[in-house]
Amino acid sequence: IHVQGEGVNQIIDFQMKPDHKEVLPNNLKWNEPASDPLKDLRRWQEKVVQDSGLVPRVAVLGREVLNALLDHKKVQKVRDNQRMHMGQID
């Protein structure tokens, strides 16, 4: 990742293995309705677990990618379910 700004001009290398740099199936970007960002994230997490035994809990995303993720209908559906309140019967 090239980071350039006031007083900063660096390339940050996360040293990812080549097989961890996947092209999305059918080149679907997350701003396309047919994409499945949650499935993609789970698949990538599982790949890291298989290769290292560590469970990644943080994803580094650019602003446009984050916005596409948060705006995706499948993600919004899951987020809406998390705010659901169940009734209580006494």
Side-chain angles (χ1 to χ4, degrees):
I1 296 175
H2 188 201
V3 179
Q4 189 172 11
E6 190 173 322
V8 177
N9 188 6
Q10 289 185 305
I11 294 181
I12 300 173
D13 182 0
F14 290 100
Q15 300 179 2
M16 288 176 43
K17 295 179 179 182
D19 64 336
H20 285 226
K21 297 178 183 181
E22 176 185 334
V23 175
L24 292 173
N26 300 318
N27 288 324
L28 284 177
K29 295 184 178 181
W30 288 350
N31 59 355
E32 299 177 42
S35 66
D36 194 339
L38 296 175
K39 187 175 180 179
D40 293 336
L41 289 167
R42 287 183 187 113
R43 184 176 63 253
W44 298 335
Q45 182 184 47
E46 186 59 31
K47 177 72 173 159
V48 172
V49 170
Q50 289 174 359
D51 287 355
S52 69
L54 301 172
V55 179
R57 300 188 190 286
V58 174
V60 178
L61 307 173
R63 180 178 44 85
E64 290 180 17
V65 175
L66 176 61
N67 288 336
L69 174 68
L70 294 176
D71 291 343
H72 199 283
K73 289 185 185 225
K74 291 177 182 175
V75 173
Q76 289 178 348
K77 183 177 178 182
V78 170
R79 292 177 70 202
D80 285 344
N81 287 341
Q82 291 175 348
R83 288 193 300 256
M84 188 169 61
H85 298 284
M86 301 301 287
Q88 180 178 342
I89 300 175
D90 293 325

Exercise for the section: Answer yes if V23 and L41 sit in the same cluster of Ile, Leu, Val, Met, Phe, Trp and Tyr residues linked by side chain heavy atoms under 4.5 Å apart, and no otherwise. Expected result: no
Problem - Separation of N31 CG from L69 CG (nearest 0.5 Å) - result: 11.5 Å
Problem - Nearest non-hydrogen partners of D51 and H20, listed with the distance - result: OD2-NE2, 2.5 Å
Under 3.5 Å, sequence neighbours excluded: what are the donor-acceptor pairs made by side chains of residues 52-61?
| residue | atom | partner | partner atom | Å |
| --- | --- | --- | --- | --- |
| S52 | OG | V48 | O | 2.8 |
| S52 | OG | L54 | N | 3.1 |

Fill in the blank from the handout: One should read off an interatomic distance between L66 CG and W30 CH2, to the nearest 0.5 angstrom, of 9.5 Å
Problem - 4.5 Å side-chain heavy-atom contact, L38 and V75 - result: yes
Exercise for the section: Look at atom CD of E64 and say whether more than 12 heavy atoms of other residues, nucleotides or ligands are closer to it than 6.0 Å. Expected result: no
Problem - Flag if over 12 foreign heavy atoms under 6.0 Å of CG, N9 - result: yes
Practice task
Any pair with a residue in residues 17-31 that passes salt bridge (charged side-chain N to carboxylate O under 4.0 Å, His left out), sequence neighbours left out, goes on the list, sorted by first then second residue, please.
Solution key: D19-K47, E22-R43
Problem - E46 vs Q50 side-chain heavy atoms within contact, under 4.5 Å - result: yes
Problem - Separation of Q10 CD from H2 NE2 (nearest 0.5 Å) - result: 9.0 Å
Practice task
Quick one: pull up NZ in K73 and CD in Q76 and give me the separation to the nearest 0.5 Å.
Solution key: 8.0 Å
Handout entry: Residues H72 and D36: side-chain donor-acceptor under 3.5 angstrom
Key = no
Practice task
Mind checking the CD1-CZ spacing from I1 to F14? Nearest 0.5 Å is all I need.
Solution key: 4.5 Å
